[in-house]
Amino acid sequence: MKYRIVLFIGLIIISYGCDDFQWDLTRDNPLDDNFDKENNEIPTPARIEYKSYEITSDDNNDNFITKGETIDLKVYLKNTGGATANAVKVTFQTNSPNASIISTSSDISYGNMTANSEVAGQYYYYDYSLQFKVSDSAPVNTSIIFFMNISDEAGNTWTDNFSIIVQEINSNIIYSKNEITSDDNNDNYITKGETVGLKVYLKNTGTSTALSVSAEITTSSSYATVLSSYSDVSYGDMAANSEVAGQFSYYDYSLQFKVSDSAPVNTSITFTMNISDEAGNTWTDNFSITVQEINSNIIYLKNEIYSDDNNDNYITKGETVGLEVYLKNTGTSTALSVSAEITTSSSYATVLSSYSDVSYGDMTANSEVAGQYSYYDYSLQFKVSDSAPVNTSITFTINISDEFGNTWVDNFSVTVQEINSTIVYLKNEVFSDDNSNDLINSGETIGLDVYLKNTGTSTALSVSAEFTTSSSYATVLSSYSDVSYGDMAANSEVAGQYSYYDYSLQFKVSDIAPVGTNIPFTVNISDEFGNAWTDNFSITVE
């Protein structure tokens, strides 16, 4: 019975101390790294790993990493261990030929990282951990790996890496429209021979901004020559859905070109646009313009006599005539540097203008302009033939052109009119006689002033007269057939002058002429153009 009591007490003692024993036994197990010999749990050490990145800036602010861009990344690390890592810092490296790290410090600070914390590193005072530039030649979908050497102040080190993917640019630049900013005659039409300034618009149909867009505009057409001396036309930064007109140098146009003088109407001229941005992204598009017909129409309008030999504003045979020839622009566009060649095939007129081109200058729509030949005030000078019959029609052809080779042809006619001068005998006066009694006696030599009168309305030029007689009782002594009356204005009365003498006619009366004999004289009158008149008068022997 005594034995049983001792055993019971022993079992109680064993049962009571069982838990403490088992606990101490477990913690003394040298194979369990989570506990020390004093029964304390050992915390897991700090472990710093790459967690994620965030784009804080890129050149066009679309949050895509594309070739040519400078990228700022916030790179997050995570402490997946159980202990704090103090004064964590990172060095970023890459061996990719498609990226260059711009951050100049090798140690990027992450500060103290407690267990399970996520921290973005900061490069100096900037808002990013890593700044790098993507190569302009980086292919789309290229993977760029960045290596991270991580350490803390206790000398613990870790390594990790992460990758970024170069994406396709989300910009799409296309041709949109064009506007004429200048053309030679300012009618907003593109015609042959003109130098044209064009605003060429591009549009970004993508979702991302394209930076520093420029375009080279060329043509292979033989009918146009690009005059812009720089290959790159600037379009600046083009936001998504924006429409921008390029600017060539400091001018207000994107493109300047000259249309060939030989470009046919309705010719289509195609321009190619090679477009690029600062990152080397490229696009190609094209557009065409059409050469239009000139909207000018130059026709003959009228003529005015500027000068004629006797200044009566009549075109008569033998005269040299200066004519103002008016043209009119019946179109809607200005014709530039208009000139005309005026010719005739008539045998009754000779064009005296020594230059083929008569200048009409710039002719605006609906303008009427008189051409100017050389520095003279007339458009055309011509001489009417001395043999031109009255009422002869002389036709002139006008070949008109402008500085671009646009041409028009028209014609006009003038009519040779009858001279409006009529020269008649008026009176005579004895200028000299042998006995100075102012009487005509038989046997005397008489000097006679013979007066003519112009009863017409026009001046007769270089009038002369020939005096003859059929009488046997008188002999004309004047040795020249032409007695000068000079220019005879309308209604003038003029005494002719024979040679340098003061009389018009000298004759000798026969010694046997009976008193009362009537001696007739015929006056054949002409002017310098061959206009002729005939009259007569008589004197009586006293």
Do you know the tightest heavy-atom contact between [X] and [Y]?
| X | Y | answer |
| --- | --- | --- |
| I305 | I315 | CD1-CG1, 3.6 Å |
| Y485 | A465 | CE1-CB, 3.8 Å |
| S221 | T219 | N-OG1, 3.1 Å |
| E444 | L439 | OE1-O, 2.9 Å |
| G68 | D136 | CA-OD1, 3.0 Å |
| E69 | F64 | OE1-O, 2.7 Å |

With no hydrogens and no angle check, is any side-chain donor or acceptor of [X] less than 3.5 Å from a backbone partner on [Y]?
| X | Y | result |
| --- | --- | --- |
| D449 | F431 | no |
| D277 | A210 | no |
| D184 | T195 | yes |
| D308 | N313 | yes |
| T330 | N297 | yes |
| S504 | V450 | yes |
| N310 | T459 | yes |
| S260 | Y223 | no |
| D402 | G405 | yes |
| N170 | G206 | no |

All salt bridge (Lys or Arg N to Asp or Glu O under 4.0 Å) counterparts of E278, not counting sequence neighbours: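 Once residues adjacent in sequence are excluded, E278 has no partner under the salt bridge (Lys or Arg N to Asp or Glu O under 4.0 Å) criterion.
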Set of salt bridge (Lys or Arg N to Asp or Glu O under 4.0 Å) partners for E304, sequence neighbours left out: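 Scan of E304 (salt bridge (Lys or Arg N to Asp or Glu O under 4.0 Å), adjacent residues dropped) gives K302.
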Could you tell me if the side chain of [Y] sits less than 4.5 Å from the side chain of [X], heavy atoms only?
| X | Y | answer |
| --- | --- | --- |
| V325 | F396 | no |
| L327 | I398 | yes |
| E542 | N441 | yes |
| I275 | L202 | yes |
| F271 | T218 | no |
| I289 | L198 | yes |
| N399 | T397 | yes |
| V483 | F467 | yes |

Verdict with reasoning, T407 to I400, per side chain to side chain contact (heavy atoms under 4.5 Å, CB included): CA-CA 5 Å; T407 59; I400 310 162; over 6 Å; no
Please enumerate all residues that pass side chain to side chain donor-acceptor pair (under 3.5 Å) together with D487, with sequence neighbours excluded.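 In terms of side chain to side chain donor-acceptor pair (under 3.5 Å), with neighbours along the sequence ignored, D487 is linked to no residue.
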Would you please name every residue forming a side chain to side chain donor-acceptor pair (under 3.5 Å) with S288, sequence neighbours left out?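 So S288 forms a side chain to side chain donor-acceptor pair (under 3.5 Å) with T270.
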Report, as yes or no, whether the 6.0 Å neighbourhood of atom OH on Y189 holds more than 12 heavy atoms from other residues, nucleotides or ligands. no
Hey, which of V369, L336, V338 is the one that makes side-chain contact (heavy atoms from CB on, under 4.5 Å) with D362? L336
Determine, for Y451 and K427, whether the Lys NZ or Arg CZ falls below 6.0 Å from the six-membered ring centre while staying within 45 degrees of the axis.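 Output yes; distance and angle both within limits.
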Can a side-chain donor-acceptor contact be found between S333 and D187 if the only test is distance below 3.5 angstrom? yes
If we ignore angles and hydrogens, is there a donor and acceptor under 3.5 Å between the side chains of T395 and S413? yes
CG (N454) and OG1 (T422) are apart, to the nearest 0.5 Å, by 7.0 Å
Check the pair E194 / K192 against salt bridge (charged side-chain N to carboxylate O under 4.0 Å, His left out), numbers first and verdict last. CA-CA 6 Å; E194 286 198 297; K192 70 176 184 177; over 6 Å; no
All pairs passing salt bridge (Lys or Arg N to Asp or Glu O under 4.0 Å) where residues 322-347 contributes a residue, at least two apart: K328-E368
Taking only distance into account, with no hydrogens and no angle test, what donor-acceptor pairs under 3.5 Å do side-chain atoms of residues 510-523 form with protein atoms, sequence neighbours excluded?
unit_1	atom_1	unit_2	atom_2	d
S510	OG	I512	N	3.2
D511	OD1	K508	NZ	3.4
T517	OG1	P514	O	2.6

